[in-house]
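Written below as structure tokens is the structure these notes are about.
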Amino acid sequence: MDIDSSIAPLMRRRVISVERTTPVSEVARLLWEHQLSGVPVVDGTHVVGMITEFDLIARDSEWDAPLYIPFLDAYFRIPGSAHEDQLRRILATTAGELMTEPATTATPESTVQEVATLMYEHQVNPVPIVDGRGDLVGIVSRADIIRLMVVEEELHAEEDTGTT
């Protein structure tokens with residue numbers, strides 16, 4: 001398998017996911033117990049968002065809003081601001097309130113290179129793999145791609161030395 005190959009053989013098909021109503025504390029427990037970097041948020045089997053370690057860390061960060069924000073907020077609501085997003089994460093109690101949506105996803109037909117590019121450009125890890133309906137069929141993490149790189153390097157080294 002190389003970077004131009006389909007991601008399907010590399011993806012993990014047994015995916016731990018959560019629903020919108022899952023408490024944030026349960027999401028944190030799942031990430032810790034299963035040593036995951038993120039979990040998809042699903043509605044049935046349809047991916048609606050993603051929660052990563054970053055989202056959980058951001059939830060516990062200090063909110064350093066400029067002094068004028070509470071004053072302005074009393075008169076104007078500025079949707080989509082970075083401060084609103086940080087405050088949303090801090091106050092989140094459920095997966096639906098904490099998740100990043102829409103999730104950055106790929107399909108089983110995506111190449112390893114395409115998924116790596118998504119991870120890099122969108123700064124996401126892991127990436128849920130969805131079918132044409134948006135249903136969750138697998139997941140790929142940076143660790144999976146790095147494992148592939150190591151295996152390929154070992155195979156090339158064996159070929160170069162003539163061992164198999």
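These numbers come from the heavy atoms of this one structure, side chains and all, not from hydrogens, waters or symmetry mates. Since the structure is predicted, the reported quantities are computational estimates derived from the model, not experimental observations.
- Scored by the side chain to side chain donor-acceptor pair (under 3.5 Å) test, E26 finds R29 as partners (sequence neighbours excluded).
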- Candidate pair T105 and V130, rule side-chain contact (heavy atoms from CB on, under 4.5 Å), full reasoning: CA-CA 7 Å; T105 61; V130 298; 3.8 Å; yes
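- With a 4.5 Å cut-off on side-chain heavy atoms, P126 and M50 count as touching.
- Residues passing the side chain to side chain donor-acceptor pair (under 3.5 Å) test with E19: none are found, sequence neighbours excluded.
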- Does the side-chain contact (heavy atoms from CB on, under 4.5 Å) test come out yes or no for L30 and V27, once each step is laid out? CA-CA 5 Å; L30 285 170; V27 174; 5.7 Å; no
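- Following chains of ILVMFWY side-chain contacts shorter than 4.5 Å, one can reach I145 starting from V127, so the two form part of one hydrophobic cluster.
- Side-chain contact check for N125 and S141: no donor-acceptor pair (N or O, by modelled atom type) lies under 3.5 Å.
- Under the side chain to side chain donor-acceptor pair (under 3.5 Å) criterion, T93 pairs with E97, not counting sequence neighbours.
- Linking ILVMFWY residues whenever their side-chain heavy atoms come closer than 4.5 Å, directly or via other members, places V47 and I139 in the same cluster.
- Looking only at side-chain heavy atoms (C-beta outward), P40 and V15 come within less than 4.5 Å of each other.
- Residues passing the side chain to side chain contact (heavy atoms under 4.5 Å, CB included) test with V48, sequence neighbours excluded: R20, V41, D43, H46, M99.
- Both L10 and M119 belong to a single network of hydrophobic side chains, linked directly or stepwise wherever heavy atoms of I, L, V, M, F, W or Y lie under 4.5 Å apart.
- Under the side chain to side chain donor-acceptor pair (under 3.5 Å) criterion, T107 pairs with E109, S110, sequence neighbours left out.
- Evaluation of the salt bridge (charged side-chain N to carboxylate O under 4.0 Å, His left out) rule for R147 yields D144 as partners, not counting sequence neighbours.
- Of all heavy-atom pairs between S6 and V112, the closest is O-CG2, 4.3 Å.
- With hydrogens and angles disregarded, no donor-acceptor distance shorter than 3.5 Å links the side chain of T22 to the backbone of V18.
- The neighbour count for Q35 CD, taken as heavy atoms of other residues, nucleotides or ligands under 6.0 Å away, does not exceed 12.
- Pairs engaging residues 121-130 under the salt bridge (charged side-chain N to carboxylate O under 4.0 Å, His left out) rule: none recorded [sequence neighbours left out].
- Listed here is the closest heavy atom pair of V115 and A106: CG2-CB, 3.8 Å.
- Placement of L148 and V140 within a single hydrophobic cluster is found when ILVMFWY residues are connected by side-chain heavy-atom separations under 4.5 Å, directly or transitively.
- Both I16 and V24 are part of a single hydrophobic cluster, where members link through side-chain heavy atoms under 4.5 Å apart.
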- Please assess D55 against T100 for the test side-chain contact (heavy atoms from CB on, under 4.5 Å), listing each intermediate value before the final yes or no. CA-CA 8 Å; D55 296 313; T100 299; 3.3 Å; yes
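- Every side chain to side chain contact (heavy atoms under 4.5 Å, CB included) that P108 has, sequence neighbours left out, goes to A8, I129, V137.
- R133 meets the salt bridge (charged side-chain N to carboxylate O under 4.0 Å, His left out) test with D131, D135; sequence neighbours excluded.
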- Audit row: L136, T45, side-chain contact (heavy atoms from CB on, under 4.5 Å) steps and yes/no: CA-CA 6 Å; L136 183 63; T45 57; 5.5 Å; no
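- Residues satisfying the side chain to side chain contact (heavy atoms under 4.5 Å, CB included) criterion with T104, sequence neighbours excluded, are L118, H122, V124.
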